[in-house]
Chemist: 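Quick one: structure below, then a few questions.
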There are 2 protein chains.
Amino acid sequence: MSETSSGTVAERISRLFETLTHAERKLSNVMLENYPVSGLGTITALAETAEVSAPTVARMARKLGYGGFPELQTALRTELEATLSSPIAKHDSWAANAPDTHILNRFAEAVTDNLRQTLQQLDLEDFDAVVDLLSDPSRNIYVVGGRISRSMADYLFTHMQVIRDRVTLIPPNSNTWPHYVLNMTEGDVLVAFDIRRYEHDTHRLAEMATEQGAQLVLFTDQWGSPAARHASHGFRARIEAPSAWDSSVVIMFILEALIAAVETERWEETRDRMKTLEQLFDRTKLFRKFT
Amino acid sequence: MSETSSGTVAERISRLFETLTHAERKLSNVMLENYPVSGLGTITALAETAEVSAPTVARMARKLGYGGFPELQTALRTELEATLSSPIAKHDSWAANAPDTHILNRFAEAVTDNLRQTLQQLDLEDFDAVVDLLSDPSRNIYVVGGRISRSMADYLFTHMQVIRDRVTLIPPNSNTWPHYVLNMTEGDVLVAFDIRRYEHDTHRLAEMATEQGAQLVLFTDQWGSPAARHASHGFRARIEAPSAWDSSVVIMFILEALIAAVETERWEETRDRMKTLEQLFDRTKLFRKFT
DNA sequence: TTCAGAATGTAGCATTATTTTCAGAGCAAA
DNA sequence: TTTGCTCTGAAAATAATGCTACATTCTGAA
C-alpha cells in the first residue's frame, strides 16, 4: 500500500514527505493548508503563494506520481467531487480514516472543549495585568511547578529567560524553597502551577511569598487550588481528558499566549536579546568543533 | 439588489436564467449539476461536457458579469474556499468580550488550525505502532529533547515513569549522550524531539542510537527534521503561532494522547503502580512531619 | 576551505487555453 | 420565399500556462 501512485494527493504528500526537499516541503504546506483549493489555480499562482518557482511545482507533481501539474489538478478535482457529494461527513472526525472512538479523536474533542470553556471564562483584565507584571523589568520573576506541572514551569522559564533578565526557576525540591523566599521582595512575582492533586507545599510557598510582598500569579484547574486565596491573578484552565491524567494542553496554550504578549510588549529588548543569543549559540558551536 | 455583478456564480445563473439562450441553458444545467467542481476544469472540458462550444462558455462568463472565463473560475474557487472552511464553525471569537485581534483569540485560531491540520495528515498506523512500542515492557525507553522541547521530553518522561519501568530521561547536555547510547540495545526505543531550529547533536544521537539497533520515534514540525531519515516512526506537528516562537501545544496534545493510549494498553499494571505511588507519597509526607 | 552533487530558479520554448472573428444555421416576421 | 436578426460553432489569433534546458545557489562531506 506504500506505492507512490495511489491514494489522494494529500496522502501521497504525507507518505513522501520525508523524501521531499526544502522547497517542496514549503509547497506541501501551502497545498495542505488550504486543501484542496490552493491547488486548483494555475501552477504560477500556486508557486507564488508557496514562494517557490513554477518548475518546482511541476517537479513535485511528477514526484507524487502524476504526469504533470494538470494531471494532479484533475486528481484534486476528482477528490473534491467525491468529498462534496458524500453527505455531511466532512469534519465529523478530526483524524482522517479514524473512527470517532479512536483516542486521538476523543482527545481532540476534549481539548477543544477545554479550550473553548477556559477562554469563555478567562478574565482578560487579569491576562493583561499579568502581561504587565511579567513585562516589568524591575521585578524579579520566580517560577515554580508541582510534580507534573514542573514541565510547564520549565517551559515558561525557558522562554522568559530569553525575553528578559531576572527570571528564576525554583526547583521542585521543596527543601530549598525557603532560600528563594528569602530573596523575594516587594513587587516580585511568583508564577506558580498548582493542578490537582494540590500540593500542600505549593500552598505554603505561596503564603510565604505573598507575606514577603511578592505578587502571586497562579495557574490552576477548574476546581481551584487552595493557594488561590493568596493569588493576585489567577488562570483557571479546564483540564479534563479521556485519560487517567489531566490534560495540560490548555495551560500550555495560555502560557504561550502570555509569552507572545510579553514578547510583543517588550519587542525591542526581546529582539536584541534573541540576536545576541543566536550569536552566542554560533560561538558555542564553533567552540565545540575544537574540543 | 438584482444587479448582475453580485452574488455567487450559482445565484447569478439563476437570476439570469430566463434571459439565457438555448445553448447557455444547457451549459447552466451542467454547471449547477455538479457545482462547483465542473466549472474548475478547462473551458474546453466544460464545453464538451455541456455539449456546447468553448466560445459559448466564454460568452456566458461575460453575461454573468465576469471579465472572462478565468475570472469566473477564480470566483468559484473563492466560494469553495469559504464553503470548505466555514463548517468548522467560525467561532466569532473565542474569548468573550475580547476583540478578534486580541492575542488570545489569534492564538486560539492558530492552535486549532494547527491541531486540525496535524491530525489530518497524522498516520494512525504510526500512532498505534508507537503505542505498542511504548507499551512493551521488555524495551528500554529513552527520551531526549532539545533546547526548547526539553520540557516536552520531561513531560513525557514524568508520565511514562508512572506507567512503566525502564524509562530514562536523557539530559540536555550532549556531552553525556554517548554514555546512554552505550547502553542501548536492539529493540530499545529512543523518543526524540527535534523542532526547528534543528539541532545537529540530536541528529547525531539519532544516528548513533539507530546504529545500536534502537528504534527512533521522532517528534518534529511540519518542515521535518533531518533526523527523520533515521526514524522508524515520526509525528509531524504544525507549530505556527502569532509569535516569534513556535507553538508546542499540538506536540503536547499528541503526547497526551499517546500517554492515554499506552495507559489503556497496560491498564492493569498502571493502576497498580499508581496505587503504590499514592502510598509512597503518603509515606513521604508522614516522614516529613517528623523531620 | 574546497569541491562535488543536489536543489532551485531563470529564461525561453512548446503547448494549451481562451478569446476574437467570421460564416453559416436557425428562426420569426413580412 | 425572402429578409434580417440572433445564435452558434469553426478556425484563427492571442494570451497564458506549463515544461525543458541550463545557470546559479546551496549543502554537506572531505
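Here is how names work: the chains are called A, B, and so on, in the same order as the sequence lines, proteins then strands, and each is numbered from 1. In this text the structure is predicted, and so the values were computed from the model without any measurement.
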Chemist: In whole Å, what is the span from the NE2 atom of B/H22 to the P atom of C/dA28?
Modeler: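 Value for this atom pair: 13 Å.
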
Chemist: Between D/dT20 atom P and A/F69 atom CZ, what is the distance in whole Å?
Modeler: 15 Å

Chemist: Looking only at side-chain N and O atoms, does B/D194 offer a donor or acceptor that is under 3.5 Å from a partner on B/T220?
Modeler: no

Chemist: Would you kindly give the CG-to-C1' distance between A/L20 and C/dA6, to the nearest whole Å?
Modeler: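 In whole Å, C/dA6 C1' lies 15 Å from A/L20 CG.
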
Chemist: Between D/dC19, C/dT19, D/dT8, spot the one nearest the side chain of A/A58, thanks.
Modeler: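 Of the candidates, D/dC19 comes closest.
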
Chemist: Please walk me through it: do A/Y155 and B/S248 pass side-chain hydrogen bond (donor to acceptor under 3.5 Å, both in side chains)?
Modeler: CA-CA 10 Å; A/Y155 190 74; B/S248 306; 2.7 Å; yes

Chemist: Would you mind reading off the distance between A/M60 atom CE and D/dC19 atom C1', rounded to a whole angstrom?
Modeler: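 The answer, rounded to whole Å, is 17 Å.
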
Chemist: Under 4.0 Å: is that the gap between some side-chain N or O of A/T44 and OP1 or OP2 of D/dA16?
Modeler: no

Chemist: Using atom CD of B/Q73 as one end and atom P of D/dT17 as the other, report the distance to the nearest whole Å.
Modeler: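 My rounded result for the distance is 10 Å.
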
Chemist: Looking across every strand, which nucleic acid part, if any, lies under 4.0 Å from A/V52 by heavy atom: base, sugar-phosphate, or nothing?
Modeler: sugar-phosphate

Chemist: Does OP1 or OP2 of D/dA16 have a side-chain N or O of A/T42 closer than 4.0 Å?
Modeler: no

Chemist: As a test of reading the structure: which of C/dT20, C/dA7, C/dT18 is closest to the side chain of A/T21, going by heavy atoms?
Modeler: C/dA7

Chemist: Given atom CG of A/L46 and atom P of D/dC19, what is their separation to the nearest angstrom?
Modeler: 12 Å

Chemist: Find the distance A/I43:CD1 to C/dT8:C1' and express it as a whole number of Å.
Modeler: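 One finds 14 Å between C1' of C/dT8 and CD1 of A/I43, rounded.
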
Chemist: Indicate yes or no: does B/R204 engage B/E207 in a salt bridge with an N to O separation below 4.0 Å.
Modeler: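 A salt bridge links B/R204 with B/E207.
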
Chemist: What I want to find out is whether A/E24 reaches A/R59 closely enough, with some N-O distance under 4.0 Å, to be called a salt bridge.
Modeler: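 Not counted as a salt bridge, because no side-chain N and carboxylate O are separated by less than 4.0 Å.
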
Chemist: Both B/A23 and B/P70 contact DNA chain D. Taking the nearest nucleotide for each, which residue is further toward the 5' end?
Modeler: B/A23

Chemist: Give the rounded distance in Å between these two atoms: NZ of A/K63 and C1' of C/dA6.
Modeler: 10 Å

Chemist: Considering only heavy atoms and no angle criterion, is a donor-acceptor pair shorter than 3.5 Å present between the side chain of A/R59 and the base of D/dG18?
Modeler: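 It does not, because no donor-acceptor pair links the side chain of A/R59 to the base of D/dG18 below 3.5 Å.
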
Chemist: Quick one: which of C/dT18, C/dT8, D/dA11 gets closest to the side chain of B/P55?
Modeler: D/dA11

Chemist: Hey, what's the ring geometry for B/W245 with A/H159, parallel, tilted or perpendicular (30° and 60° as the breaks)?
Modeler: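 B/W245 and A/H159: perpendicular rings.
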
